[in-house]
Every structure is written in structure tokens, then in C-alpha cells.
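Everything numeric in this text was worked out from a predicted model, so none of it was measured. Convention: sequence-line order gives letters A, B, ...; per-chain numbering from 1.
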Protein chains: 2
Amino acid sequence: MEDEKTHCSDGEGCRRILEAAENLFADKGFDAASMNAIAARAGISKANIYHYFPNKDALYLAVLRAASGNLRALLAEAVASHGSVTEVLRHFAKSHLEALLERPRLVRLVWREVLEKGAPRARELAEQGFAGVFSALVDILVVGQERGELRPDFDPALVASLLIGANVFFFQARDILRHYPPVHFADDPAAYDEGLVDLLLRGLEAAHGGQPNPVR
Amino acid sequence: MEDEKTHCSDGEGCRRILEAAENLFADKGFDAASMNAIAARAGISKANIYHYFPNKDALYLAVLRAASGNLRALLAEAVASHGSVTEVLRHFAKSHLEALLERPRLVRLVWREVLEKGAPRARELAEQGFAGVFSALVDILVVGQERGELRPDFDPALVASLLIGANVFFFQARDILRHYPPVHFADDPAAYDEGLVDLLLRGLEAAHGGQPNPVR
DNA sequence: CAAGCAACCGACCAGACGGTCAGCCTCATT
DNA sequence: AATGAGGCTGACCGTCTGGTCGGTTGCTTG
């Protein structure tokens with residue numbers, strides 16, 4: 001009554017199914033990843049997949065659920081806060097991007113779900129992973145403002161969106177950025193985030209020893 | 001010998017095929033958009049599509065080629081430069097995002113191609129649209145630095161990537177940003193870019209009336 | 001030993017897929 | 001009036017899809 005139908009999480013065979021499905025779904029998308037291909041990749045028969053999962057959608061959902069959980073756990077480490085707000089910010093940017101690059105398949109899998117307009121298969125699931133990171137980052141910025149370490153006259157949500165967006169974009173466009181001559185940071189994400197945060201802090205940091213002058 | 005096989009660009013019927021295909025490819029992706037569905041949407045028979053295009057891939061390529069061209073033309077207007085560098089920058093950010101939001105199907109179509117790892121169907125094509133905007137923006141920033149309007153100690157490519165990335169991210173994540181309480185700019189892209197550029201200029205602008213102090 | 005049950009498979013199904021083909025209609029050229 | 005070519009179609013093909021079914025293992029429980 002509890003495990004419904006997806007009584008997975010135990011069997012060895014089941015793990016291989018999920019693993020194979022994750023790879024194929026992430027690489028090719030839902031439609032292009034056939035059950036035959038998944039079965040072959042997992043080294044089992046197709047019929048056996050249907051012993052564990054009632055249909056393709058359920059398998060996809062299970063894969064996405066697992067991926068979403070893993071990704072959230074991975075990203076949670078990025079928002080571990082200690083030290084001054086600016087230090088926390090630097091640490092966040094760096095480890096957030098590192099987390100994305102460390103497990104590209106997970107990110108592609110979840111983000112694909114965000115982009116898909118046609119089928120709201122599991123939007124909520126994908127959004128959850130986003131929600132945690134986003135609100136944690138907003139909290140960091142608000143604390144920074146309350147402490148007086150950061151200007152009070154900017155929108156924390158906007159900065160959070162900008163920071164996360166810059167990292168997501170780097171992750172997505174890395175390959176095409178790589179062969180633009182003026183880009184030298186495509187293979188050095190740490191340098192990217194360092195420059196990025198430097199740039200932002202210029203505008204975010206309260207003027208040293210003076211009251212902040214309002215924007216505009 | 002010139003038009004190879006895709007002798008389109010004339011017939012009325014052909015235009016409808018391309019239009020229907022663009023819609024379906026953009027909404028559902030290559031695999032999920034069937035030739036039957038495209039034909040139905042275009043109001044013609046499936047066989048007729050094969051009168052104009054040798055196969056599905058060629059049709060997709062033609063759609064992508066057209067979309068890429070249109071998108072590039074649309075984005076080209078965003079980099080029309082006049083006035084001071086900071087004005088140009090504000091104008092770019094605003095109209096670049098507006099262009100993205102104005103033709104979401106085009107953007108999704110082209111960007112999907114960038115994200116797809118499995119099949120390099122037409123990466124180059126998608127990248128071309130990106131190249132123009134990116135290098136134009138870098139040029140703007142370099143000019144700003146040469147004129148002394150912008151700090152000389154930041155990486156123009158990094159800022160360009162950040163700016164474009166922020167817009168692309170806004171475009172992609174808009175729907176999920178919309179229902180986060182701290183986000184008030186999801187339905188106001190102009191406000192988003194205004195805040196964004198304000199934020200950046202704080203760090204980019206040369207200090208008024210003083211020599212710029214080096215970063216770090 | 002027998003019963004039972006989860007794991008697993010080969011063979012199969014109806015339907016949808018991309019793609020082909022013979023032929024019809026229209027219309028400009030001769 | 002005859003011709004031929006392009007726009008267009010319904011019927012069809014082989015293949016592959018998601019999904020089912022009957023049956024065979026092999027381990028656990030009585």
C-alpha cells in the first residue's frame with residue numbers, strides 16, 4: 001500500500017534499469033529513448049522492465065525523481081554558509097557551477113523538463129530542485145543586506161536569478177563558447193565564477209566607510 | 001544545380017509545410033513531431049511533404065535554417081549602437097530579451113539544437129545565430145573600455161556571456177520564476193534588465209573623476 | 001518435497017512511424 | 001487536341017514502437 005508499484009530501491013537488476021534509463025533519457029530525451037534500447041543497455045529483456053515499472057512514463061518519472069533528489073543533494077552543499085556574506089557568495093557561485101559540471105546528465109535531465117512546454121510530465125519535480133537553491137541564495141543575500149555588508153537597494157531575487165542563470169548558461173553554452181577566440185574561461189569555470197562574483201560585488205558591496213548612495 | 005532539392009521559398013503549399021513543421025518541432029522536438037502530424041497541421045497529405053523535402057531530417061534542417069536566419073535578423077536589431085556605451089548597453093539588454101520573448105518558438109527551436117548532445121544535426125547553424133550577437137556585444141564592451149567609459153580591468157567576453165546568459169536564463173526559467181514569492185520581475189522583463197544593467201554598471205563604470213582602482 | 005513467488009525471458013500484438021508509389025488533376029506549351 | 005511536367009493524394013510497405021502473455025527459472029517458506 002506504500003510502495004504502490006515502483007517497489008524498487010532494492011534489487012540489483014532494478015538499479016541497472018534506472019541507470020540505463022537515466023543515461024538514455026538524458027542523452028536523447030523521452031521519445032528518442034526506446035524501451036528496447038534501455039533494456040539492451042541494462043543487459044536485460046524489455047519485458048523485465050515492465051516487471052518493475054508499469055509503463056514508460058512511470059519509468060521516466062522514477063528516473064526523474066531519483067535524479068532530482070540527487071541533484072538537490074548535490075546542490076545543497078553549495079549553499080553551506082560560513083564566513084562573511086561575500087565569502088559565502090564566492091563559495092556558492094563556485095561550488096554551484098562545479099556541481100552542475102560534475103553531473104551533467106542529471107542537470108540535462110532535469111532542465112529538459114523545465115524547458116518542455118508540451119508535456120508537464122513532472123515540472124513540479126524539476127522545480128523543487130530549483131526552489132531550494134534559489135531561496136537559499138536569496139536568504140544569503142537578504143542576510144547580507146541586513147548585516148549591512150551588502151547594499152540595501154538591490155533586489156535579492158534579481159541577483160539570485162542572475163547568479164544562477166549565469167552558471168546555468170555557462171553549463172549549457174560551454175561547448176559553443178569554447179571556440180570563440182575572446183573566450184578564455186570556457187575550460188576554467190573557477191575563473192569564470194571568480195570574475196563573475198568580482199563583477200557583482202562591485203555593485204553589491206556597500207561602499208567602504210560611507211553611506212551607500214542610492215541607485216539612480 | 002543550385003537549389004539542390006529544397007527548391008522551396010516559392011510555393012504557397014511549401015510555406016505552410018515549413019510553418020507547421022516549425023510549430024511542431026519547436027513544441028515537441030524532432031522525434032515527437034511526426035510527419036503525419038505536420039501534414040495534418042499544414043492541411044495537406046503526408047506524401048506531399050516528400051514532394052518538397054527528401055526526408056524528415058532535410059525538413060528539420062530547412063526549418064532550422066529559416067528559424068536561425070529569422071532569429072539572427074531579430075537579434076541584429078538589438079545591437080544597433082548609438083549614444084554612449086552605457087546607453088548602448090542598456091538598449092542591448094532590453095531589446096535582446098524582448099527579441100527572445102517575442103518569438104519564443106524560434107528561440108526554443110534553435111536553443112534545443114545547442115543543448116542536444118546526441119545528434120550534431122545542425123549545431124553550426126544554431127551557433128551562428130549566437131556568434132553574431134556575442135561578438136557584437138564584446139565589441140561594444142571593448143569600445144567602452146577604449147573610450148575610458150568602462151573599467152579596463154574586466155574581461156569583455158565574460159561580461160558578454162553574463163549578460164546574454166542572464167537573458168537566456170530569464171527566457172527559459174520565466175515560468176518557474178513566476179511563482180516564487182520574492183520574484184516580482186517575472187512579468188516585467190524591462191525591469192529585470194534595468195536592474196541587471198544597473199547592477200553591472202556599478203562594477204563596470206569607471207569611477208567618476210578618479211583613476212580606477214584595480215580589482216582585488 | 002511441494003508450494004509459492006519474484007525475477008526473468010522469447011515471442012508476440014496492434015498501432016504508429018518514416019517513407020514509397022502509381023496515379024489523378026490542373027495548366028502552360030506545342 | 002495532344003503533351004508533359006508539377007502539385008497533390010490514398011493506399012501501401014517494412015520497420016519499430018510501447019506493451020502483453022505464457023512460461024521457465026531459482027530461491028524461500030511450509
Sequence neighbours excluded - salt bridge (charged side-chain N to carboxylate O under 4.0 Å, His left out) pairs with any residue from residues 21-35 of chain B: B/Asp27-B/Arg105, B/Asp27-B/Arg108
Residue B/His51, side-chain atoms from C-beta onward, closest of D/dG18, D/dG7, C/dT20: D/dG7
side-chain hydrogen bond (donor to acceptor under 3.5 Å, both in side chains) partners of residues 132-146 of chain B, not counting sequence neighbours, each pair once: none
Options D/dG19, C/dA7, D/dC8, nucleotide nearest the side-chain atoms of A/Tyr52: C/dA7
Check residues 162-185 of chain A and write down every donor-acceptor pair under 3.5 Å in which the side-chain atom is one partner and the other belongs to a residue at least two apart or another chain.
{"residue": "A/Asn167", "atom": "ND2", "partner": "A/Ala93", "partner atom": "O", "Å": "3.3"}
{"residue": "A/Asn167", "atom": "ND2", "partner": "A/His96", "partner atom": "ND1", "Å": "2.9"}
{"residue": "A/Gln172", "atom": "OE1", "partner": "B/Trp111", "partner atom": "NE1", "Å": "3.1"}
{"residue": "A/Gln172", "atom": "OE1", "partner": "B/Gln172", "partner atom": "NE2", "Å": "3.3"}
{"residue": "A/Gln172", "atom": "NE2", "partner": "B/Gln172", "partner atom": "OE1", "Å": "3.3"}
{"residue": "A/Arg174", "atom": "NE", "partner": "A/Ala186", "partner atom": "O", "Å": "3.0"}
{"residue": "A/Asp175", "atom": "OD1", "partner": "A/Arg178", "partner atom": "NH2", "Å": "2.9"}
{"residue": "A/Asp175", "atom": "OD2", "partner": "B/Lys117", "partner atom": "NZ", "Å": "2.7"}
{"residue": "A/Arg178", "atom": "NH1", "partner": "A/Asp187", "partner atom": "OD1", "Å": "2.2"}
{"residue": "A/His179", "atom": "ND1", "partner": "A/Asp175", "partner atom": "O", "Å": "3.4"}
{"residue": "A/His179", "atom": "NE2", "partner": "B/Glu127", "partner atom": "OE1", "Å": "2.9"}
{"residue": "A/Tyr180", "atom": "OH", "partner": "B/Glu127", "partner atom": "O", "Å": "3.3"}
{"residue": "A/Tyr180", "atom": "OH", "partner": "B/Ala131", "partner atom": "N", "Å": "3.0"}
{"residue": "A/His184", "atom": "ND1", "partner": "B/Asp155", "partner atom": "OD2", "Å": "3.0"}

What does the list of N/O pairs under 3.5 Å between the protein and nucleotides 9-11 of chain C look like, with a distance for each?
{"residue": "C/dC9", "atom": "OP2", "partner": "A/Ser45", "partner atom": "N", "Å": "2.8"}
{"residue": "C/dC9", "atom": "OP2", "partner": "A/Ser45", "partner atom": "OG", "Å": "3.4"}

Residues forming a side chain to side chain contact (heavy atoms under 4.5 Å, CB included) with A/Ala191, sequence neighbours excluded: A/Asp188
Gap between atoms CG and P, on B/Asn55 and C/dC17 respectively (whole Å): 17 Å
Length of the line joining A/Asp57:CG and D/dG19:P, which is rounded to integer Å: 7 Å
B/Lys46: partners by side chain to side chain contact (heavy atoms under 4.5 Å, CB included), with sequence neighbours left out: B/Met35, B/Asn36, B/Ala39, B/Tyr50
Anything under 3.5 Å between a donor and an acceptor, one on a side chain of residues 70-78 of chain B, the other on a protein residue two or more places apart or in another chain? List them.
{"residue": "B/Arg72", "atom": "NH2", "partner": "B/Gln128", "partner atom": "OE1", "Å": "3.1"}

Basic-acidic side-chain contact under 4.0 Å: B/Glu19, B/Arg15: yes
Members of residues 25-40 of chain A that approach DNA chain C, where some heavy atom sits under 4.0 Å away: none
Partners meeting side chain to side chain contact (heavy atoms under 4.5 Å, CB included) with A/Ala126 (sequence neighbours left out): A/Val110, A/Glu113, A/Val114
